[in-house]
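Notes follow once the structure below has been shown.
On a predicted model such as this, the values are computed, not experimentally measured, just so you know. Positions are given from 1 along the sequence.
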Amino acid sequence: MTSQLQLPVSNPGAIDPDAGEAAKQAGMKRIGQLDPQWAAECDKRIREFAARGVPFQASDLVEDGLPEPPHPNCWGPRFGAACKQGVVRHAGYTQSKRATVHKSICHQWIGAQAEQAA
């Protein structure tokens with residue numbers, strides 16, 4: 001017979017949404033500074049795709065000629081900034097078009113202004 005290991009002591013601070021958000025923001029700031037030139041080009045492409053008013057994902061930017069980021073986690077800060085600026089809004093989840101990630105789930109975005117005008 002097997003049983004689950006039970007720890008008699010709780011882990012204080014393990015569940016702390018505020019601390020989790022602070023860690024997320026610090027990580028996004030750090031990773032977002034890896035390549036300012038790539039970030040500026042990515043922001044430009046996000047604005048271009050947002051103006052089209054159709055859903056898109058990060059792989060569409062690469063397919064359009066944007067070089068790969070210096071680290072895969074560079075995408076989040078760029079789309080997060082665009083969302084805070086009102087350029088895009090989250091439009092759900094879809095399967096990635098990239099074979100390297102085996103069609104895993106990814107964020108899908110749409111231009112906030114273009115969608116309102118429609």
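- Using a cutoff of 4.0 Å between basic side-chain nitrogens and carboxylate oxygens, E48 and R52 are not scored as salt-bridged.
- Distance CD/E41 to CG/L61: 10.0 Å, rounded to 0.5 Å.
- Residues C42 and L66 are in side-chain contact: their nearest non-hydrogen atoms beyond the backbone lie under 4.5 Å apart.
- In this structure, the salt bridge (charged side-chain N to carboxylate O under 4.0 Å, His left out) partners of R98, at least two apart in sequence or on a different chain, are E68.
- The closest side-chain donor-acceptor pair between E21 and Q25 falls under 3.5 angstrom.
- Residue pairs meeting the side chain to side chain donor-acceptor pair (under 3.5 Å) criterion with at least one partner in residues 100-112, sequence neighbours excluded, are H90-H107.
- Across all non-hydrogen atoms, the minimal contact from P77 to C74 is CD-O, 3.3 Å.
- Atoms CD1 and CG, from I46 and D60 in turn, are 11.5 Å apart once rounded to the nearest 0.5 Å.
- Considering T94, V88, I110, D64 in turn, V88 is the only one that fulfils the side chain to side chain contact (heavy atoms under 4.5 Å, CB included) rule with F56.
- The CD atom of Q95 sits 9.5 Å away from the CD atom of Q57 when rounded to the nearest 0.5 Å.
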Next on the checklist: Assess the residue pair H71 and W38 against the criterion (side chain to side chain contact (heavy atoms under 4.5 Å, CB included)); give the C-alpha distance rounded to whole Å, side-chain angles, the decisive distance to 0.1 Å, and a yes or no.
Outcome noted: CA-CA 11 Å; H71 189 281; W38 178 88; over 6 Å; no

